[in-house]
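Structure first, commentary second.
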Amino acid sequence: MSSSLSIHLLHNSLRLHDNPPLYEISTSAAAESMIPLYIITSKSPFSQSDEVNKVNKSRANFCLESLEDFDNSLKAISPTQRLICLQSKDYDTSSPDPDVEYAETLKSFLTQFPDTTDVTIYYERDTSGPILRRWRMVLDEVVAPKDNVSVKLFETNNLHPLDNYLAKSKGNPPNSYGSFCKIFNSLSSPAPCLPTVATLPPPPKLIKGSYDIPKLDDLENVDQTTGGKGSFKGGETEALKRLELTVVKNCDWAATFEKPKTSPNSLNPSTTLLSPYVKHGCISPRLFYHKLSEAYEKSTKPNSSPPVSLHGQLLWREYNYLHGYATPNFDKMVGNPSARQIQWDDDPALLKAWKDAETGFPFIDAIMTQLKETGWIHHLARHMVACFLTRGDLYLSWEEGAKVFEERLVDADWSINNFNWQWLSCTAHFYQYFRCYSPIAFGKKTDPNGDYIRKWIPALAKMPKKYIYEPWEAPLAVQQAASCIVGKDYPNRIVENHTTTSKNNMSRIAESYKLHKEAAAAAAAAAKSKKRKSTSD
DNA sequence: CCGATCGTTGGATGG
DNA sequence: GCCATCCAACGATCG
């Protein structure tokens, strides 16, 4: 008996709203001979949270924790068992090359269906470096060698296919956000969202539970705070709740949102907190975009605009993805044509102090503590600690900082993370290195009392307002009264003097820029002479 | 070629 | 508290 096989290869959470591959596969699954298989791969603690696992497992007849399990269970698969949920760990260090292993596993999986005449892989493309690499491995190792395997690719992880932007800019991504916005505005509105996938194949008998498809009108208020560990619930249901709360029900707030007016150190985050859900595919960026448009329409207040508006935030995402897609070695300095080559210091002890929230600068340490404990910090807080690690104070490589964020941020997104580290370190896109964040002054603007510091660093809770950002300035008697002796209850500064250090670092950046300019000029001259030579030949 | 201008979100100071 | 102004070690773009 011959049949066709459809595979939904998914690297994120399985969402039901605006999910083109799932929509297409589920609407075409009527064909008797078709065996739809949903294969989920996901590395993040966030999307492997209990919530997501629960939802995904309820839709699967197999939920495998590793590629080894997957392999071992192949023999158990039969055409009547229709849904498969595979959760693999992208950063499984025990495998020499998880991407090769992944492709090999998929290939051997297909051999279990020798009678299939056609295999179609449905895939929502993600251009993030590591995910793109894995996908290319699948194309090379699984799709290309087989005549009966084809691909249905959906470019819906972004508002438009990234190549559509590039086509408008002669193949090179625009190097300012403003130029990118012009390109975006010259395109038609992002494609409308697809209907919710409400009819999945029936659950196999061996699985308990039912398909819990979230409905917008079921929603209740959700806690917006990130008060502690585990306060992010994974999954699409939670994402839709947050969208409903922050955008649909609160359209005036959404329509007048201005990012710079939000605070890096308010105790209750002043942004939507939807980034983890966008990143993990729990919510479609197109759904987010169009819901925002509706909120703008509905609100009677004057709407804010890019770059500061909420639409503007989604456009920043597009812009960052575009650079991540078009730039070789985007996550590195060496071999990255848009990155200034800077001789960063290498000091593991300083890096560790930054990572472990032991720099002796309360604002830095509070931010790094919030990151460690909740997985989320405000965008401007990211600026603050990124500047401090790189050009501002420690003069360590932005690549090291990016790795820590990648590991710890619940919304860590390869394109956005690397773009921002390059920006903050004055490596690319932003070059005004004389604009430097002060670990003492910056936080005071929005939190003069230091409540944010008191919350995340209990040792400093009783430090008087006057010294909360620079406790080393407090006289010993004051430190004693606050039960916080600097050097004993709270670390000494790892940078003696921010002002002189940052000034010195500026001259180091200037030196690197000078070398860059000379190298660029030499390269241009060489290219010119080569061209002259070739035309004269 | 030059100068003006602008670039998501700096700091210090003074009104 | 809010705003304007200056500071000033930048670079891409545009007229």
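Proteins come first, then strands; the chains are lettered A, B, ... in the order of their sequence lines, and each starts at number 1.
- Proximity of Lys445(A) to the phosphate of dC2(C): no side-chain N or O atom is located under 4.0 Å from OP1 or OP2.
- Contact annotation for Gly312(A): no contact, since no heavy-atom pair falls under 4.0 Å across all strands.
- In this structure dA9(C) sits in the syn conformation; its chi angle is within 90° of 0.
- Under 4.0 angstrom from either OP1 or OP2 of dT9(B) there lies at least one side-chain N or O belonging to Arg435(A).
- Contact check, Arg340(A) against dG11(C): a side-chain N or O comes under 4.0 Å of OP1 or OP2.
- Taking atom CD on Glu258(A) and atom C1' on dT8(B), their separation rounds to 12 Å, with Å as the unit.
- Contact annotation for His379(A): base contact, defined as any heavy-atom pair under 4.0 Å involving a base atom.
- Out of dC10(C), dT8(B), dG10(B), the shortest distance to the side chain of Phe442(A) is found at dG10(B).
- Nearest nucleotide to the side chain of Asn175(A), out of dA9(C), dT9(B), dA12(C): dA12(C).
- Set against dG10(B), dG7(B), dG11(C), the side chain of Gln432(A) has dG7(B) as its closest nucleotide.
- Annotation: Phe361(A) is in aromatic contact with Trp472(A) [ring centroid separation under 6.0 Å].
- Side chains of Leu476(A) and Gln480(A) form a contact here, defined as non-hydrogen atoms less than 4.5 Å apart.
- Note that the CH2 atom of Trp354(A) and the CD1 atom of Ile364(A) stand 9.5 Å from one another [nearest 0.5 Å].
- Within 4.0 Å (heavy atoms only), Ser507(A) reaches at least one base atom of the nucleic acid.
- Residue Ala441(A) has its side chain nearest to dA12(B) when only dG11(C), dA12(B), dT9(B) are considered.
- Note: CG (Leu515(A)) to P (dC10(C)) measures 15 Å, nearest angstrom.
- Applying the side chain to side chain donor-acceptor pair (under 3.5 Å) criterion to Gln479(A), with sequence neighbours excluded, gives no partner residue.
- Whole-Å rounding puts the Ile509(A) CD1 to dG11(C) P distance at 11 Å.
- One can place NZ of Lys261(A) at 15 Å from P of dT9(B), the figure rounded to the nearest angstrom.
- Residue-level contact check: Lys517(A) touches the backbone only, with heavy atoms under 4.0 Å from sugar-phosphate atoms and none from bases.
- We find that OH of Tyr177(A) is positioned 12 Å from P of dT9(B), with the value rounded to whole Å.
- Comparing dT8(B) with dC2(C), their P atoms sit 25 Å apart, to the nearest whole Å.
- For Tyr433(A) and dC10(C), the OH to C1' distance is 6 Å, given to the nearest whole Å.
- Along DNA chain C, the nucleotide closest to Pro448(A) and the one closest to Ala510(A) are compared, and the more 5′ of them pairs with Pro448(A).
- For the C1' atom pair drawn from dT13(C) and dT9(B), the interatomic distance equals 22 Å after rounding to whole Å.
- Comparing dA12(C), dA9(C), dT9(B) by their nearest atom to the side chain of His383(A) picks out dT9(B).
- A stem is defined here as three or more consecutive Watson-Crick or G-U pairs, each with both distances under 3.5 Å; for DNA chain C these stems are B:2-7 with C:10-15, B:10-15 with C:2-7.
- Note: CD1 (Ile342(A)) to P (dC10(C)) measures 14 Å, nearest angstrom.
- Nucleotide dT8(B) holds its C1' atom 15 Å from the CG atom of Leu314(A), rounded to whole Å.
- The six-membered or imidazole ring of Phe419(A) lies near that of Tyr319(A), with a centre-to-centre distance under 6.0 Å.
- Contact of the Pro174(A) side chain with the Lys168(A) side chain is not registered, since no non-hydrogen atoms from C-beta on lie closer than 4.5 Å.
- At a threshold of 4.5 Å between non-hydrogen side-chain atoms, the residues Tyr431(A) and Ile509(A) do not count as touching.
- Separation of the C1' atoms belonging to dA12(C) and dC1(B) is 16 Å when rounded to the nearest angstrom.
- Heavy-atom neighbours of Gln341(A) CD from other residues, nucleotides or ligands within 6.0 Å: above the threshold of 12.
- Taking the P atom of each, dA4(C) and dC6(B) are spaced 15 Å apart, rounded to whole Å.
- Minimum atom distance to the side chain of Lys259(A) is reached by dT9(B), of the listed dT9(B), dA9(C), dG10(B).
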* Asked: What's the verdict on ring pair (Phe, Tyr, Trp, His ring centres under 6.0 Å) for Tyr277(A) and Phe288(A), showing C-alpha distance, side-chain angles and the deciding distance?
  -> CA-CA 10 Å; Tyr277(A) 302 92; Phe288(A) 196 170; over 10 Å; no

